[in-house]
Every structure is written in C-alpha cells, then in structure tokens.
Amino acid sequence: MFELRKVEKNFPNVRALKAIDFEIRRGEIVGLVGENGAGKSTLMKVIYGAYQHDGGEVLIDGKAVRFENPRQAMQKGIGMVFQEQSLIPNLSVMENIFLGFEQQFVKLGVVNWKKMAAAARYQLAKVKLDIDPKTITSKLSFAQRQLVELAKVLTLEERVDGELVILLDEPTSVLAKEEVELLFKLVRELRSRAAFIFVSHRLDEVLELADRIYVMKDGEVVDHVSSAEASAENIQHKMVGRDISKEYYREEKQLAYDADRVLVELEKATLPGHYQDISFQLHAGEVLALVGTEGSGREAILRTIFGLQKLVLGTVTIKGCKVESFSAEAGVASGVGYIPRERKIEGIVGGMNVYENITLSQMSHYSRFGFLRIGDEKATARDWISKLSIKASSELADCGNLSGGNQQKVVLAKWRSGGSDIILLDHPTRGLDIGAKEDVYEMVRAMNADGVGIILIADTLEEAIGLSHTILVIKDGAIQKRFEGSPGAKPSLFDLVHYMI
Amino acid sequence: MSNLASRGDLQRWAPLLVLVALIVFFTLVNPNFLSLKNFARISISATPPLMVAIGATFIIIMGSIDLSMEGSVAVCAVIFATLFTALGGTLGGWGWVALPACLIVGAICGLVTGTVHVGLRIPSFMASLSMGFVGIGLSLMMTGGDRIRVEDPLFRSLLTQRFLGFPLMVHVAFAVLLAAWFIQRKTTLGRNFYAVGGGEELAHASGLNVRRVRIAGFALAGVFYAFGALFAVAQLGIAETATGYNFMFVSITSIVVGGTALWGGSGGVWNTLVGVLIVNVINNGMIVMGLPRYVQDGVLGLLVIIAVVLSTDRKSLAFVK
Amino acid sequence: AGRAHAAGAIEDPTIAWSYRDRTNPYWNSIVSGGESFVESLGKPKSALVHLINEGSSEKSLADVKALLGKTDGKLALAIDANDSPNARPVVEAVVAKGAFVSTIWNKTDDLHPWDFGDNYVSHMSWSDIGPAEQTATILLKAMGGKGAIVGLGGIASNNPAIERRTGLDNALKNFPDVKLLDYQAADWDTQKANSIMSSYLTRFGDEITGVFCANDTMAYGVLEALRAEGLAGQIPVVAYDGNAQAVDLILAGELLATVSTNPHWGGGITAALAYYAATGAFKPSDEPHEHREFNGPTVLITKADAEEFKKKYIDATPTYDWKDFWGPSAGPITY
Amino acid sequence: MNLHSLKKHFPWMTLVALTLFVGILDPNFLRLDNLIALAGDISTLFIMALGITFVIYIGSIDLSAQSVANMITVLATLFLAQLGWFAAPVCIAIGALFGLVSGYVSNRLKVPSFIATLAVGGIALSVGQYASGQKALYMDAGLRNEAFGWIIGTTAGLPREMIIAFVLLVVALIIERRTVLGRALQAIGAGEPAAIASGLRVNRYKMIAFAISGAFAAMAGLIFAVKLSGGSPVMANGFLLPAIVAVLVGGTPLTGGVGGVLNTFIGALIVAVIRTSMLYLNVPPTAQQIFFGLVLVGAIALTIDRSKVRTVK
Ligand SMILES: Nc1ncnc2c1ncn2[C@@H]1O[C@H](COP(=O)(O)OP(=O)(O)OP(=O)(O)O)[C@@H](O)[C@H]1O
Ligand SMILES: Nc1ncnc2c1ncn2[C@@H]1O[C@H](COP(=O)(O)OP(=O)(O)OP(=O)(O)O)[C@@H](O)[C@H]1O
Ligand SMILES: [Mg+2]
Ligand SMILES: [Mg+2]
C-alpha cells in the first residue's frame with residue numbers, strides 16, 4: 001500500500017539516498033537497519049514529509065504523492081516517533097499530544113482543557129501510561145516521554161480513516177529492557193490498524209519484531225530479507241561489508257589492571273538529590289562499569305569526576321591529588337576526558353570542522369603565545385581520522401554533518417589525542433551501528449593496554465558485562481553491589497538485574 | 001498548603017517581590033510615594049508601554065524578538081489621528097471608526113513584519129528592525145513631520161475622567177491585559193506560541209504550521225502596539241512620528257525584568273505587567289527621591305540588573321546568551 | 001580638485017540643509033525657510049537637498065562629505081552640526097573642497113568664520129539667556145513673586161539647554177522668595193517631560209506653583225500631566241520656541257509665555273548666505289565680523305501678543321527679502 | 001560552481017551589486033576619491049562594529065558600545081589635558097573594563113546580554129554625564145595635535161582613520177583565525193555546551209569577548225573625539241544601530257558561531273553605501289527611513305547564509 005520507487009535525496013555534497021525501492025504492506029512490521037550514515041533517518045524523513053525527495057516517486061495505494069511538510073503526511077496517516085526526544089519540554093503532556101491538532105477541542109476560539117485532558121487520557125491508556133495529562137513534559141522520565149510520543153502518533157488512529165504507517169526511528173535506544181518489551185507488545189497489538197517501520201541498531205530487536213528487513217548501506221538498499229530466514233551474521237555482513245567478530249566485546253584482549261596505580265578515588269562522595277556515600281577506586285587499565293536504571297545517579301557521578309557538577313560531601317581524588325575546585329578545566333587538566341551521552345550537544349561542535357573539534361580540549365598543545373599552529377592540528381586530525389577510520393571527506397569536513405557514529409569517533413579522538421588517561425564514557429555506543437561499536441570496543445581495549453582507566457555507563461547490560469573489569473550496581477544513588485568480572489568469570493545478567501531493581 | 005514555599009514557587013513570585021521591595025524602599029525614602037494619586041500617575045505612564053510590552057511578550061515567548069514597535073506605534077498613532085480628524089474629530093460622531101481602524105492598521109503592520117521575517121527567512125531581529133525604520137518613515141511621510149493634535153474631550157476623557165481614583169485608560173488597559181491573558185491561556189494560538197518557543201523544529205515535525213503561528217504572532221503583537229498608540233495619544237493629545245519613541249528598549253527591558261526569558265517558551269503577560277510596573281516604579285521613584293538626572297541612567301541600569309538577577313531562576317541555566 | 005573654485009566661481013551650486021530630524025516642529029520651520037529661499041531663486045522646493053542626521057554627529061559629518069563628493073564641491077551648505085565639536089570637521093571638510101557653508105546653533109567658541117577666508121561664510125546663533133530670563137520673569141511675576149517652581153531642561157549638554165537654564169537662574173536672583181525645587185533634563189521630549197512632571201507632583205505636591213520648560217514640546221508633556229490631575233491652566237507654565245501649538249495654548253490660557261526664534265527666517269537666511277557667497281554675490285571676507293557671527297531675532301510671545309503673532313507668523317508666512325542678510329538679526333555674538 | 005558554494009560569497013557580491021547599481025545611476029559615485037572618502041567616513045563606526053562582532057560571534061549582543069564611546073569622548077577630552085597621549089591607553093582600558101563588567105553581569109550573574117549591556121550602558125552614560133558636567137567639552141588644539149595629530153589627516157591619499165581601522169581589522173582577523181581565543185570564541189558561539197564539556201574556560205573567554213568589544217568601542221570613541229576635537233555625553237549617539245546592522249548585514253547572525261570580522265568589514269561598507277546612495281538617488285527626506293529599511297531587508301535577505309542557521313528565529 002505504501003511504496004517508494006527509485007527515490008533519491010541529495011544534500012550539498014552528499015547523495016544520502018540512491019534509487020531506493022521500498023515497500024510496506026498492510027499490517028506489516030518492516031525493519032530497517034544499516035550502519036551510521038547509511039541513510040535510514042533520511043529515508044524516514046522523506047516518507048514523513050520532513051524532507052522532499054529529489055527523484056523517483058512515493059506512492060500510496062499506487063497513486064503518486066508528494067508531502068510538502070509533516071502535516072500533509074499525517075493527513076495521509078503517516079506518523080513518526082523520533083529518535084531524538086521530540087516532545088516540547090515546556091508544554092503539558094496533553095498539549096504535546098495534540099499539538100497542531102487542537103481544533104477539535106476549540107469552541108468559539110476557546111480551548112476546552114477538560115475535553116483535551118480526557119482525550120489525552122484515552123490516548124495514554126493505549127500505551128498503558130498512567131500519568132496526569134496536565135503534567136509538564138520536562139518532568140517525565142525518558143521512557144515515559146518515549147511512550148507519550150507513541151501515544152501522540154496513535155492519535156492518528158482516530159484522525160485518519162484507513163491504514164496508518166508509523167515510523168519508529170531508534171525508539172528503543174533510551175528504553176530499559178522491560179520498557180522495550182512493553183513497546184513491542186503495543187506495536188504487535190496495533191498491527192491490525194497500522195504498519196510499522198522500525199529502525200534500530202539492536203539487531204536482535206529487529207529480528208524479534210520485524211516481518212521483513214531492509215538493509216541499507218551508503219544510501220542504497222543492499223538487501224531485503226524476511227526475518228524468518230534472516231540471520232544476524234548475514235545482515236551484519238551486508239551492513240558493514242565484512243564479518244563481525246564473534247568475540248564482540250573483545251574479551252580475549254581484556255588484561256588485568258594495575259592495582260597499584262589508583263587513578264581516581266571517591267570517598268563517601270555525596271551530592272544530595274543525585275547520589276550519596278559513593279566510594280570506589282579506578283585503576284590504570286581498568287574498565288569500571290556503573291550499572292543501574294535511568295535516573296539512578298550514574299550520570300551525575302561521571303559529571304562530578306569530570307568537574308561539571310560540584311561535590312557536596314566526601315572527596316574525589318585524582319591521581320593522588322584531592323580535587324578542590326570542580327570545573328571542567330580542572331578535570332581536563334588532570335587528564336580526564338568525558339564522552340557525553342548527548343554527543344550532538346556536548347560532544348561535538350556542529351559548524352566546526354574535524355580538526356577544530358579534535359583539538360578543542362587541548363589547544364594549548366597546539367599553540368604558542370596563544371597563536372595556533374594549524375598545520376600541526378591538521379596533521380593530528382588526519383592521523384586520527386585514519387586510526388579510527390572516521391568517515392569524513394577530510395579533516396576540513398563539518399562535524400555537524402557527520403553521522404552519529406563518526407561524530408562519536410571524533411569525540412573519542414579528541415580525548416585520546418589529548419593524552420587523557422582517565423576516560424569517562426556515557427553511553428558511548430548509543431545509536432552506533434555494529435561496525436562502529438566494534439571500533440569503540442577495540443579502542444577501549446587499546447586504551448586499557450595503554451594504562452588508561454575507564455569509567456563506563458554502558459548502553460546495555462551485556463555491554464557492561466562484556467567490557468568491564470569491575471561492575472558497580474547503583475540504585476537510588478547508592479552502591480548496591482560490586483562485581484569482579486575477569487574474562488570467563490563474568491557475572492550474569494540476572495545477577496545484576498537482581499540488584500538494580 | 002506546604003509549610004515552606006518551594007524554590008520554584010519563590011522564583012515564580014520573585015518579580016512581584018522585587019516590585020514590592022522597590023515600593024517599600026521608595027516609600028521609606030519619601031512617604032509621598034505610597035499614595036493612590038502616585039499610583040495613578042505611575043499607571044498612566046505605564047499604560048502605553050504596557051500595551052506594547054504585552055504584544056512583544058508573545059513574540060518573545062516564541063523565541064523571536066520584535067524591534068519594530070516604535071515604527072508600528074508611530075504609524076498607528078498617525079493613521080488614527082488623521083482618520084479621527086477626518087471623520088469629524090470626535091468620538092461622539094463617526095470618529096469612533098478610527099479606533100477599530102487603528103487596531104487593524106496595527107495588525108497589518110505586524111502582518112507585514114511577520115511576513116518579511118518568515119517569508120524571506122530573515123531573523124526577526126533584522127526583519128523587525130528594518131520594518132521599524134519603514135514604519136517610522138511611513139508615519140513621517142504621512143505627517144511631513146508635523147504633529148497631529150487630538151483634543152476631543154470625549155476621547156481625552158480616557159485621561160481626564162477617573163473611576164476609583166484611576167483614569168479610564170488604566171481600566172481599559174486592564175481589560176486589554178485580561179484579553180491578552182485569555183489569548184495566552186485559552187486559545188490555540190496562545191498555546192502555540194509556547195510550543196514554538198519550546199522547540200520550533202519539534203513543533204514543525206508535530207505538524208504545527210510554525211510559519212503561520214509566527215506570522216499570526218506578529219500580527220497579534222501589532223494589535224497590542226495599536227492599543228499602545230491609542231493610549232499614548234490619549235495621554236498626550238498628540239500623534240506624531242515620535243509617539244513610539246523609546247518604547248523598544250523600555251518594553252523589552254520590562255519583559256525580561258518581569259521574568260519572561262528571552263530564549264522563549266516561558267513567562268507571560270502577568271510577568272510583563274509586573275516588569276512594566278517595576279521599570280515605571282523605578283523611574284518615578286528616582287525622581288520622587290530627588291536623584292539628579294545624570295545618575296538616573298546608571299541607577300536604572302543597576303536596579304534592572306538586580307531585578308533580573310533576583311527574578312530569574314539562574315541555577316537551572318548552564319549559560320545565557 | 002575642490003580648491004580650484006575661488007569665491008564667486010561656482011555657478012548654480014547645489015543648496016543643502018543639514019539638520020537633526022523631521023519630527024520636530026522647530027526643524028520643520030527651519031526647512032520651510034530653506035525651501036522658500038530656494039523658491040525665491042525660481043527653483044522648485046525639491047531642489048533643496050536635505051541631510052538628516054537623526055541626532056548623530058557621525059552621520060552628519062559623513063553625509064556632508066558624501067554630498068561634497070557628489071557635487072565635487074559645488075555646494076552651498078546650511079547646517080546645524082548637531083553637537084558643537086562636530087562643527088569644526090564639517091567646516092574643514094567644506095573648506096577643503098572649496099564649497100561654502102553657513103552654520104547655526106552648534107559650534108565651539110574657538111571656531112570662527114573669518115579664520116577660513118570666504119568659504120566659512122557665517123554662523124548664526126540665538127542668545128537664549130535674555131529671552132529665557134524674560135519668560136522666567138513673566139512666570140515668577142505671575143506667581144506673585146513667591147512660591148516654588150520646578151524646571152525641565154533639554155539635553156543637558158546642548159548649548160540652548162545650558163543658556164535657557166542660565167536665563168532662569170538669572171531671573172530667580174530677582175525673586176528671592178521663589179524656590180527652585182528641582183530642575184531635571186527631559187531631553188526635549190514630550191513623553192519624558194510628562195512622566196517627570198507627574199513624579200514632581202508626587203514629590204512636591206501642592207508646593208509647586210509654577211513650571212519652567214526649556215522648550216515647547218516638553219511643555220506639552222507637562223500640561224498633559226497637569227490635565228490628568230485637573231490642574232491644567234491652574235499652574236502657570238512657560239516654554240520656548242514659539243511653535244503653533246504653544247501659541248494656541250497661550251491663547252487658551254494654559255501656557256503663559258514662549259519665545260519664537262523665527263526659525264523660518266533663520267532657515268532661509270542661512271541657506272541664502274551660503275548660496276550668495278558661493279555665487280559671488282558678496283564676498284564674506286569683506287564683511288565685518290558682526291556680519292559673520294551674529295545672533296538671530298527672538299520674539300517673546302505672551303497672551304497679549306499671541307493673537308497678532310499667530311496672524312503674522314503662523315496663519316501666514318511673512319515674505320522676506322533673502323538678500324537682506326542682517327536686517328532682522330540681533331547683533332554680534334559675544335563670548 | 002553551484003549555488004551552495006556561492007553562498008559564502010553573497011555578502012561581498014551584494015556590496016558590489018549595490019555599489020554598481022548606484023554607480024550606474026550616477027557614475028560620479030564610482031570615482032576613486034569618492035569611494036575612499038566613503039570608506040574613510042565609516043571607519044569609526046566600523047571599529048565599533050568590529051568589537052561588537054566578537055560579542056555577536058559568541059551568540060550574545062552588546063548594546064553598551066555607544067554609551068561607552070560617548071563616555072570615552074568625554075573622558076578622552078578630560079584626560080588629554082593631564083595625560084597627553086597616555087590618555088589613549090587609559091581610555092581603552094576603561095572601555096575594556098566596562099566590557100568586562102558587561103561580561104561579568106551576563107556570564108556570572110546570568111543576565112541576558114541584551115539587558116546586561118543595556119544596563120551597563122546606562123552606567124557608562126551616567127559616568128559620561130557626570131564627568132562632562134553635562135556640557136560639551138573641547139580639546140585644546142595644540143595638545144590634541146601633539147598627542148593625537150597622527151590620527152587625523154591622510155597618508156598617501158588615504159584617511160588615517162581608514163588606515164587605523166584597517167590595521168585593527170587585521171589584528172581582529174588574526175585573533176579570530178589564528179589564536180586560541182578566536183577558536184574558543186567560535187566554539188562557544190557554535191556549541192557552547194560542547195565547549196564547556198571540552199574543558200574550555202568558557203566564562204573567561206566570554207568575558208574577554210565583551211572586554212574586546214568595550215575596548216574597540218573606546219577606540220571608536222577616542223578617534224571620534226580626536227576627529228571632532230572634543231567630547232560630549234551624546235556625541236557618539238547614532239552609532240549603535242548602524243554598527244549592529246553592519247555586523248548582521250555582513251552575515252554574522254545573532255545566533256553566533258558563523259561569520260566574523262571580515263563579514264563586518266563588508267557589512268560596514270554596505271551600510272555606508274546604502275546611506276550614501278540616498279544622496280545620489282535623491283531620495284526625498286521623508287522617504288529616507290523607508291528607503292533605508294527596505295534596502296536593508298533586501299541586503300540582509302541576500303547576505304545571510306541560511307544553511308548555517310538551523311532555525312530562523
Ligand atoms: N540535512 C542534511 N544535510 C546534509 N547532509 C545530511 C543531512 N541529513 C543527512 N545527511 C547525510 O546523509 C547521510 C545519511 O544520514 P542518515 O541520518 O540518514 O543516516 P542514518 O542511517 O540515520 O544514520 P544513523 O544510524 O547514525 O542514524 C549521512 O551522510 C548524513 O551526513
Ligand atoms: N539540516 C541539516 N543540515 C546539515 N546537517 C544536518 C541537517 N540535519 C541533519 N544533519 C546531519 O545529518 C546527520 C544525520 O542526521 P540524524 O538526525 O539522522 O543523526 P544520526 O546520524 O541518526 O545521529 P544519531 O546516531 O546520534 O542518532 C547528522 O549528523 C546531522 O547532524
Ligand atoms: Mg539516523
Ligand atoms: Mg542514529
């Protein structure tokens with residue numbers, strides 16, 4: 001019923017979509033996978049009317065259509081749940097749900113808030129979310145927001161006759177396991193009414209949920225399989241263009257850490273409202289994973305060590321020096337590097353090119369009397385572009401236009417090239433494709449081998465277990481349990497979950 | 001009732017507390033300050049800028065800025081006065097037609113600014129600044145630089161007639177404020193301003209016609225500028241190119257002092273009322289205190305900084321622009 | 001190239017007036033004089049070039065230089081330089097191009113036309129001290145020689161603002177029983193004067209028995225502040241400039257007195273001086289100093305003569321002989 | 001060459017197009033001495049705009065520049081008598097100090113720069129009024145020529161102010177393109193959170209940007225005072241809006257991170273051409289504001305590179 005034929009999309013200097021053929025049938029769940037920058041989001045945006053295609057045609061029930069904006073797409077029953085948080089934080093939940101379609105509640109120019117609240121409750125019930133529709137959205141957790149987004153798209157059910165197509169662009173990346181389950185259950189229930197396109201970098205999820213899978217690479221559809229006969233290895237091969245190692249987390253390269261060299265030590269560290277009484281040590285060559293649910297206080301611990309948040313009680317000691325003033329400058333000066341979760345906001349500076357981003361934290365190394373040695377900067381950048389195989393036209397490419405994975409590599413290069421030996425990783429593989437993930441894991445091991453200590457907040461529990469020497473399970477801002485994880489003797493998922501909830 | 005007001009609550013009331021503190025301070029220095037008569041005086045001076053600031057509040061909630069108010073006010077005032085005179089020069093006769101006409105002219109001015117901003121994709125700062133020049137120029141062309149006097153006693157009764165100690169214009173302005181509040185709270189358009197200010201791209205992706213909301217916002221603001229023009233003419237009995245003089249900085253300062261953030265998405269018309277009162281109380285109070293003129297600019301600056309510091313929730317901000 | 005023109009060499013120079021803005025009745029009268037002079041030459045009004053500086057000395061100077069460039073020095077310029085320090089670079093630029101300039105109001109005391117040969121033709125000012133003292137005296141007398149007044153001044157650093165304040169101070173010396181409660185600059189602005197006046201009412205209440213304004217436009221603001229309290233016409237107010245509205249207010253009994261500086265004549269004659277010097281009709285360097293720096297006429301207007309003034313200057317425009325440069329003037333400027 | 005890569009050339013192309021347009025209507029306009037005079041006369045305003053560029057480049061705005069320049073015209077005149085040429089560094093330091101105060105209020109006290117600089121401008125205005133005793137002051141001609149004679153006059157047919165402005169432009173360009181400071185300011189403008197998380201001393205750099213703006217405003221005031229041989233607390237009035245317009249019309253958007261001092265150079269010339277073109281096109285006096293506003297809209301519509309600005313607010 002919905003079809004793309006030879007669709008093309010060009011950006012300045014980038015052919016993002018090349019002759020895409022794509023089809024969705026009634027009530028179907030179609031998976032869409034591909035490495036970073038393969039063109040998945042672009043394809044979704046074309047379907048949704050956020051971008052207009054430059055060539056080929058989009059057909060609904062055999063008729064060619066062209067959406068000038070998302071609103072027109074919605075009127076045809078196409079809705080999208082975005083990979084980024086796409087609710088407006090200062091509005092209430094119900095206002096977000098009906099944004100742009102308030103007319104139904106308006107009489108003589110006046111919005112009937114009661115009626116809207118009732119309608120919003122009805123939508124929220126569809127996603128089994130029991131919250132007051134008048135709540136200001138910024139007060140919700142990430143998972144709740146993701147469900148509200150889904151509820152918002154589901155308003156199409158009432159608004160549009162006929163079939164719906166709902167696009168899910170990496171909806172699971174911020175969700176915990178149970179929440180993912182809930183989402184999948186919902187999606188399956190809704191197939192009577194809607195077809196879905198599901199984008200995720202977690203192949204197991206795609207295989208579980210989707211009926212058919214499209215594989216994209218470099219703006220083209222390179223494969224198209226039914227998930228019954230698909231295998232993860234096969235798909236990965238198609239996506240990345242090479243085999244993915246079985247030893248995914250590079251456990252064989254995990255070396256024992258140097259227990260004599262303490263890089264970071266926290267003693268009874270407390271930040272009211274975030275965490276309390278946290279004590280641990282990070283050693284050279286160690287990967288220490290902080291495991292817990294969203295909001296358990298892990299992120300605040302990282303930000304304190306880096307200096308973005310100030311400690312209230314207790315001490316933080318970095319390489320034997322007690323931290324007196326908490327600031328990012330001080331953190332960077334003592335060799336700490338931070339890879340934030342919001343990489344587009346805190347990781348890279350969009351609008352600046354690769355070499356400028358890489359040297360941003362260490363300009364003093366590339367300058368004399370305040371004047372920059374730009375040649376040296378570029379050389380370093382070229383070096384790291386090849387070391388990490390960053391996909392960028394050159395060191396002069398605008399980082400804002402790189403895909404997520406490559407942006408992440410640039411951030412890594414920034415800290416590594418600056419010689420940081422304490423690296424804080426906050427969801428370093430979020431949104432990265434498998435190939436890019438492997439690269440990150442490889443780097444973690446390489447850094448360990450160089451004596452770098454790493455504190456990790458992992459994207460999944462498997463990742464935490466696979467990568468780390470030490471796992472601290474954190475719940476409500478306090479350490480619940482400590483696990484050792486030498487290769488072959490790693491804790492199980494179950495062990496961890498038990499202490500998390 | 002909780003025993004202690006939470007930090008958020010305190011923040012919300014901070015502008016009002018600043019206002020009260022200022023009133024107490026000036027009263028201590030000169031007890032004459034605290035009198036119905038003086039409040040009436042302050043409210044007369046505050047009325048035209050309040051109207052202008054209310055209009056600009058909607059724009060600022062959208063995260064844009066409008067610098068065209070001086071031009072719009074001038075055009076509205078001059079067209080109103082010209083039409084009013086041409087229609088007999090009294091509210092008793094056909095002159096009243098000039099009132100709605102003035103509001104329509106305001107809406108058109110805003111519509112043009114909004115269309116230039118949205119249509120040509122020029123940032124609102126530049127679009128409105130330029131259209132402000134055009135507005136000033138238009139009013140100049142219409143008057144040739146002359147002043148138009150509006151002396152109809154019926155119209156001037158907005159200033160000269162009092163009810164409960166305050167001139168009629170203050171009461172009418174209050175009604176306009178309530179209407180603005182109604183728009184802000186109860187209408188789709190009003191809520192959409194917050195949506196655009198909270199996240200323009202998100203709002204667009206949700207199917208909101210952001211361009212239309214923006215243009216409508218500027219047109220709506222224009223209507224309030226027209227009210228500002230009407231009250232300014234009622235207050236001074238003169239319509240001229242300089243009628244809107246200085247409203248730009250005063251109104252934006254007031255809006256920010258009242259607690260509406262320049263980056264959009266928060267605040268509202270009540271904040272603006274408090275902000276306008278704070279600025280006018282300071283201006284009135286400095287003279288009532290007897291401060292020499294040459295220090296007034298500096299003192300106003302200092303007090304504005306203090307007021308903004310006290311009335312914005314700075315803890316939650318990583319940085320400001 | 002410019003220096004080539006000696007006096008009298010310029011045939012049909014461009015005539016320009018450079019002034020502050022179009023929104024002020026005073027400048028509009030100046031311009032009307034300039035236009036009526038241009039018409040006396042048989043040219044259309046539009047032949048007069050307007051340089052409007054909007055209160056910016058920088059723009060004033062830049063515009064003059066641009067016009068000098070455009071006309072290649074074939075220019076007769078009449079100008080108020082906006083701020084006194086700006087007069088010197090303007091004059092120097094004009095002289096360097098061999099054009100001709102006459103200034104009014106703002107110049108520094110050390111700048112004199114006779115130091116520049118023929119090209120800096122003349123400077124006209126109006127001594128405001130005397131007339132301001134007269135209006136103040138009228139005000140103080142109307143108060144019966146006792147009570148208290150408040151004052152509103154122009155932009156503090158402007159020459160006329162300073163002189164008018166001096167006039168008030170001089171008058172006050174003769175009335176020891178009248179107290180000056182406060183005097184604040186309202187920057188020639190109606191709105192500002194309005195709010196300052198209402199604040200005065202709070203501060204001094206009934207103590208105020210008279211108001212001195214340094215110009216008409218501020219007086220309008222003051223009167224409206226009084227009207228709002230039902231006090232218009234009850235507290236005597238004096239002003240300065242002799243605008244049409246002010247004259248009407250005198251007739252209505254709300255304003256006590258104002259002073260006209262006859263801007264129409266001032267505007268015409270300044271342009272005429274520059275023009276006729278440029279065309280060589282007279283040679284400025286042959287004229288005595290009092291013909292190159294002189295005061296313009298001032299006319300005091302009170303209820304007694306308002307009607308007549310209105311008839312003569314407002315309802316009609318007197319015709320002037322634009323070659324009678326110094327006839328109506330009021331003597332040399334003394335420092 | 002496609003449209004996209006042309007975009008960054010739009011500002012100077014707009015300038016050339018405007019100049020040629022006026023030139024076709026009146027060839028006199030294109031005479032070399034005329035164009036030099038035009039550029040020379042915009043110099044002081046350009047110097048102020050140059051300083052403001054740094055602040056707009058980090059996404060803030062400086063509305064205090066004109067008041068600082070006003071104050072400096074007074075202080076320069078007063079100091080000349082006592083300090084001679086040494087008045088210049090003192091004035092520039094005072095300007096920088098006011099900039100620092102603006103920077104402090106806006107960065108540390110978190111008052112939006114629009115309001116912070118407006119307020120600090122009020123303070124500068126008061127200082128200027130107080131110091132001047134509320135009247136215009138004059139420099140002694142001899143003293144002025146001895147201390148600052150080198151600022152006025154011409155060299156090789158070029159006005160000295162223009163040469164000074166050019167030197168300052170080069171200095172600003174080096175700061176922007178070649179120094180740690182310039183890079184840091186760009187990062188702050190384009191992505192402040194990332195700059196913070198990279199450990200840059202963001203607050204310090206922002207304060208420096210405001211201080212630079214204050215110092216440049218002071219230089220503009222100083223040169224203006226020397227040129228006019230005096231000072232008054234309103235003498236630099238009328239600088240602010242054209243200076244900001246010059247920055248914006250040159251293609252540095254208020255959102256920061258893009259554009260720069262070269263853009264401001266072009267923007268200032270565009271402002272000069274628009275202003276002067278009114279004389280050449282005989283725009284009637286009552287229509288000049290309309291003309292300015294409309295041409296400005298046209299120019300800005302041409303010069304801003306929208307692909308660099310995600311949302312147009
Ligand atoms: N607006 C744009 N302007 C320029 N280039 C763009 C734009 N949007 C996308 N691109 C480019 O198009 C290509 C496809 O990007 P797209 O976002 O579709 O990838 P993706 O498959 O969603 O990647 P990811 O897995 O990281 O989400 C990338 O090279 C990207 O840089
Ligand atoms: N309007 C635009 N102009 C320039 N570049 C753009 C534009 N829109 C998107 N991009 C860039 O194109 C790339 C693809 O965009 P998209 O939003 O799909 O990110 P992504 O690659 O999926 O990132 P992530 O993996 O972090 O989710 C991003 O790097 C983004 O910065
Ligand atoms: Mg994507
Ligand atoms: Mg992605």
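Numbered from 1 within each chain, the chains take letters A, B, ... in sequence-line order.
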Can you check whether D:S132 reaches B:Y294 side chain to side chain, under 4.5 Å on heavy atoms? no
Please tell me if the side chains of D:I304 and B:P123 come closer than 4.5 Å, counting only heavy atoms from C-beta onward.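 They are in side-chain contact.
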From [atom1] ([X]) to [atom2] ([Y]), nearest 0.5 Å:
X      : Y      : atom1 : atom2 : value
D:I300 : B:R121 : CD1   : CZ    : 13.5 Å
D:I61  : B:L262 : CD1   : CG    : 10.5 Å
D:I290 : B:L140 : CD1   : CG    : 8.0 Å

Ignoring hydrogens, what is the shortest heavy-atom contact between B:G298 and D:S126? Give both atom names and the distance.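 So the minimum-distance heavy-atom pair works out to N-OG, 2.8 Å.
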Mind listing the closest non-hydrogen atom pair of D:Q129 and B:R293 along with its distance? OE1-O, 4.3 Å
Against chain D, work out which of B:L138, B:L67, B:L300 has the most heavy-atom pairs shorter than 4.5 Å and name it. B:L138
Heavy-atom pairs under 4.5 Å with chain D - which of B:L302, B:V304, B:V210, B:V295 has more of them than the others? B:V295
Considering residues, nucleotides and ligands other than [X], do more than 12 of their heavy atoms fall under 6.0 Å from its [atom1]?
X      : atom1 : value
D:Y130 : OH    : no
B:Y245 : OH    : no
B:F249 : CZ    : yes

Region of B:I252 in contact with chain D, defined by heavy-atom distances below 4.5 Å: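 B:I252 touches chain D through backbone and side-chain heavy atoms alike.
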Under a 4.5 Å heavy-atom cut-off, does chain D meet the side chain of B:M126, its backbone, both or neither?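 Side chain only.
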Counting heavy-atom pairs under 4.5 Å with chain B, which one of D:L118, D:V120, D:V105, D:L63 comes out on top? D:L118
Please rank D:A116, D:G121, D:G293, D:A287 by heavy-atom pairs under 4.5 Å with chain B and give me the top one.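 Highest number of heavy-atom pairs under 4.5 Å: D:G293.
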Whatever's closer than 4.5 Å to a heavy atom in chain B on D:I115 counts as side chain
Which answer fits D:V297, side chain, backbone, both or neither, if we ask what part of it has an atom under 4.5 Å from a heavy atom of chain B?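 Both backbone and side chain.
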Look at the rings of B:F125 and D:F114 and say which category their plane angle falls in: under 30° parallel, 30 to 60° tilted, over 60° perpendicular.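 Answer is perpendicular, since the angle exceeds 60°.
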